[in-house]
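Below is one structure; the comments refer to it alone.
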Protein chains: 2
Amino acid sequence: MTVTLADVAARAQVSPATVSRVLNGNYPVAASTRERVLKAVDELDYVLNGPASALAAATSDLVGILVNDIADPFFGIMASAIQAEIGGPGGRAGGERLAVVCNTGGSPERELTYLTLLQRQRAAAVVLTGGAIEDAAHQAAMDAKVRKLTEAGTRVVLCGRPPAPDTGAIALTFDNRGGGQELTEHLIGLGHRRLGYIAGPEERTTTRHRLEGHRAALAAHGIEEDPGWTVHGRYDRRSGYEATLELLRRDPSLTAVVAANDSVALGACAALRDSGLRIPEDVSVAGFDDLPFSIDAVPSLTTVRLPLAEAGARAGRIAMGREEAPPGGIASVRGELMVRGSSGVPRTS
Amino acid sequence: MTVTLADVAARAQVSPATVSRVLNGNYPVAASTRERVLKAVDELDYVLNGPASALAAATSDLVGILVNDIADPFFGIMASAIQAEIGGPGGRAGGERLAVVCNTGGSPERELTYLTLLQRQRAAAVVLTGGAIEDAAHQAAMDAKVRKLTEAGTRVVLCGRPPAPDTGAIALTFDNRGGGQELTEHLIGLGHRRLGYIAGPEERTTTRHRLEGHRAALAAHGIEEDPGWTVHGRYDRRSGYEATLELLRRDPSLTAVVAANDSVALGACAALRDSGLRIPEDVSVAGFDDLPFSIDAVPSLTTVRLPLAEAGARAGRIAMGREEAPPGGIASVRGELMVRGSSGVPRTS
DNA sequence: AACGTGACAGCAAGCGCTTTCTATACAGGA
DNA sequence: TCCTGTATAGAAAGCGCTTGCTGTCACGTT
């Protein structure tokens with residue numbers, strides 16, 4: 001059998017209670033006793049039984065991080081920053097927490113089920129990253145679940161996701177609308193008047209907000225948008241490639257392509273090149289997020305930098321109660337326009 | 001207070017035992033009773049207490065996935081594939097498991113602590129991904145921990161990591177040596193005789209094996225290697241950039257640069273371009289892993305494709321006991337040479 | 001008519017901890 | 001000297017669930 005607290009207690013000639021106190025360090029124990037206990041723990045190679053202690057103490061050291069796609073660096077970077085702050089091992093002593101990343105794959109059901117699973121584990125905190133799914137029923141279900149979690153004492157932080165009012169969750173929202181607007185305004189400023197837009201999946205807040213920003217910029221400059229200039233796709237390179245070909249087919253006179261994110265933009269670049277078009281001489285391209293590889297594209301990508309790591313770190317700290325929540329429980333995080341080689345003045349055909 | 005099994009039992013007018021059996025579905029319960037119970041569960045919005053059931057049943061539904069760097073798609077892709085197989089939510093019914101990704105950041109201590117944490121949670125299985133750290137003391141500690149886990153009934157699978165003999169762990173190893181050799185042989189075949197090598201961090205099995213493969217290829221073709229042709233760095237773009245500049249400084253006559261992985265190769269490309277060198281006309285570049293962005297580099301990257309998703313999926317299945325372990329508990333997974341635009345014949349200066 | 005036999009359901013004993021309350025011992029103060 | 005305060009250790013009552021074992025019926029058998 002595995003070693004239990006009682007075994008350690010017997011070996012150290014103390015009561016189980018004392019061993020527990022030594023291990024938790026939340027009660028005075030004479031130095032000599034503590035040493036004896038620690039020695040016994042070491043000799044027996046004792047490992048605390050997590051479930052048992054969680055049950056007895058009615059708390060757990062699990063912290064959940066939900067991401068849409070763990071293979072996407074957008075989420076990887078945030079998750080990494082969050083986890084670093086949660087502590088996990090290596091953090092400050094004592095508060096050793098198991099920060100776990102759960103991959104929803106963008107599926108509403110998985111999202112809910114993971115939340116239930118975390119609720120079941122009595123997680124200490126949960127961080128939800130990335131855009132939310134815009135489905136009334138799903139959102140109501142999510143909100144209800146989140147409310148239940150916060151009511152049970154689990155701290156819930158939304159990182160890069162719109163606020164969920166009246167759920168007790170704290171939100172660190174990305175200003176996708178503002179970023180999208182700034183980006184498109186940059187292109188308009190260069191002289192572009194015919195801009196294609198490759199949007200992400202529909203029914204996603206991120207998709208909608210970025211697109212809204214784009215359109216706001218067009219409207220602000222009196223540019224009438226052709227419905228054919230917008231194509232929806234997934235947040236990946238492949239989708240960007242295909243969408244760009246489609247865009248080109250619909251309107252070869254486009255002088256710029258704005259993508260929902262950097263991966264999509266990369267796909268767009270590939271499609272343009274394969275179509276014999278030069279970037280940015282023939283067509284300008286812009287992305288969003290400024291993931292690490294974006295600067296390595298040729299030409300390097302004009303994009304909006306989102307402070308993913310910083311936001312993640314802050315979300316992690318808030319989840320751990322080490323940083324105060326923003327006033328009103330909501331903070332908006334701005335992006336920064338990064339003008340690089342992929343955008344230039346439109347061709348004068 | 002939160003709802004407990006007893007509350008549900010009271011409402012459904014049955015004993016707690018019956019509720020438990022309905023929920024676990026591992027004991028005959030009359031259909032009418034089951035329905036009554038399920039109705040009560042629903043009405044009360046009951047969520048099982050994970051720790052309590054783990055304690056009582058002496059098993060948990062947690063599966064741990066250890067990765068070196070979650071922000072790196074290399075690990076993200078594997079983690080995603082593993083998690084998809086583990087089931088997590090969305091998998092086959094009943095066996096709902098919480099697949100959790102733990103980010104070690106490449107730190108030996110974290111690696112060990114996470115293993116302890118998982119052991120503490122009585123994890124059902126653990127998958128360790130990526131290269132191991134080559135430090136005798138650390139390896140001994142890891143092996144001991146792994147042995148303890150397997151002895152306690154936790155299935156341990158190594159994915160892309162060298163076997164750990166006598167620990168009970170199952171290994172799916174990447175043939176880094178073979179891949180490295182094949183890659184370099186490709187370059188030699190093109191006519192290159194002066195090849196720089198940007199290795200990963202020292203004391204890592206992955207680093208060592210890839211480098212060994214490279215050197216084996218050189219040796220096989222009677223090419224004497226200059227010690228200055230190898231530079232060590234991290235597995236990231238930045239490191240590749242700097243290492244390339246250093247390589248160029250040491251020996252401007254190099255006609256090819258082989259990188260430890262694709263990110264490093266991308267950095268190398270950037271450094272070469274910034275130095276006014278064309279790829280592959282002046283210098284050929286090769287990477288390793290074939291991550292999604294590699295095909296989008298300009299020119300697209302010659303590299304060795306590692307079946308990350310496939311290997312991860314298989315590791316996940318083995319961890320879940322849904323696939324038989326390979327004979328001897330060890331399987332080697334081969335990479336595939338992808339010849340693309342970044343490699344060509346050497347310049348004839 | 002007596003009895004074995006399934007099919008269910010309930011009892012109750014833990015699982016291995018935490019924590020409240022109580023006990024002991026010794027020190028100092030009156 | 002007696003009392004009280006302080007520091008430390010132990011006893012024991014759970015935490016909420018699982019599960020072996022013990023009923024209890026309603027039948028089909030002989």
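Taken residue by residue, residues 34-43 of chain B places no heavy atom nearer than 4.0 Å to DNA chain D.
Between A/S15 and the phosphate of D/dG10, there is a side-chain N or O to OP1/OP2 separation shorter than 4.0 Å. In terms of phosphate contacts, A/T33 brings a side-chain nitrogen or oxygen within less than 4.0 Å of OP1 or OP2 of D/dA9.
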Which atom pairs link the protein and nucleotides 19-27 of chain C when you take only N or O atoms and keep those under 3.5 Å?
residue: C/dT20; atom: O4; partner: A/R21; partner atom: NH1; Å: 3.1

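Residue pairs meeting the side chain to side chain donor-acceptor pair (under 3.5 Å) criterion with at least one member in residues 123-133 of chain A, sequence neighbours excluded, do not occur. The stretch residues 42-52 of chain A participates, sequence neighbours left out, in these side chain to side chain donor-acceptor pair (under 3.5 Å) pairs: A/R11-A/E43, A/K39-A/E43, A/D45-B/K148.
Under the side-chain hydrogen bond (donor to acceptor under 3.5 Å, both in side chains) criterion, A/S20 pairs with A/N24, sequence neighbours left out. With sequence neighbours excluded, the residues forming a side-chain contact (heavy atoms from CB on, under 4.5 Å) with B/S107 are B/E109, B/R110, listed by chain and number. With sequence neighbours excluded, the residues satisfying side-chain hydrogen bond (donor to acceptor under 3.5 Å, both in side chains) with B/T116 are B/K145. Listed by chain and number, the residues in a side-chain contact (heavy atoms from CB on, under 4.5 Å) with B/A152 amount to none (sequence neighbours excluded). With sequence neighbours excluded, the residues that form a salt bridge (Lys or Arg N to Asp or Glu O under 4.0 Å) with B/R314 are B/E323. For the side-chain contact (heavy atoms from CB on, under 4.5 Å) test, residues two or more places apart in sequence or in another chain that qualify with B/A124 are B/V63, B/R97.
When distances are taken from the side chain of B/L55 to each of D/dC17, C/dG16, C/dG10, the shortest belongs to C/dG16. Considering only the side chain of B/A30, C/dA9 comes nearest among C/dC17, C/dA9, D/dC17.
End-to-end axis angle of the helix from C/dA1-D/dT30 to C/dA30-D/dT1, from C1' rotation axes over five pairs per end: 50° (rounded to 10 degrees).
In this structure, CD1 in B/I77 is found 12.0 Å from CD1 in B/I82, a value given to the nearest 0.5 Å.
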Show me, pair by pair, the donor-acceptor contacts under 3.5 angstrom made by side chains of residues 154-164 of chain B, not counting sequence neighbours?
residue: B/T154; atom: OG1; partner: B/A123; partner atom: O; Å: 2.9
residue: B/R155; atom: NE; partner: B/A319; partner atom: O; Å: 3.2
residue: B/R161; atom: NE; partner: B/G130; partner atom: O; Å: 3.0
residue: B/R161; atom: NH2; partner: B/E111; partner atom: OE2; Å: 3.0

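Atom CG of B/N26 is surrounded by more than 12 heavy atoms from other residues, nucleotides or ligands within 6.0 Å.
Place A/P51 and B/A31 on DNA chain C by their nearest nucleotides, and B/A31 ends up nearer the 5' end.
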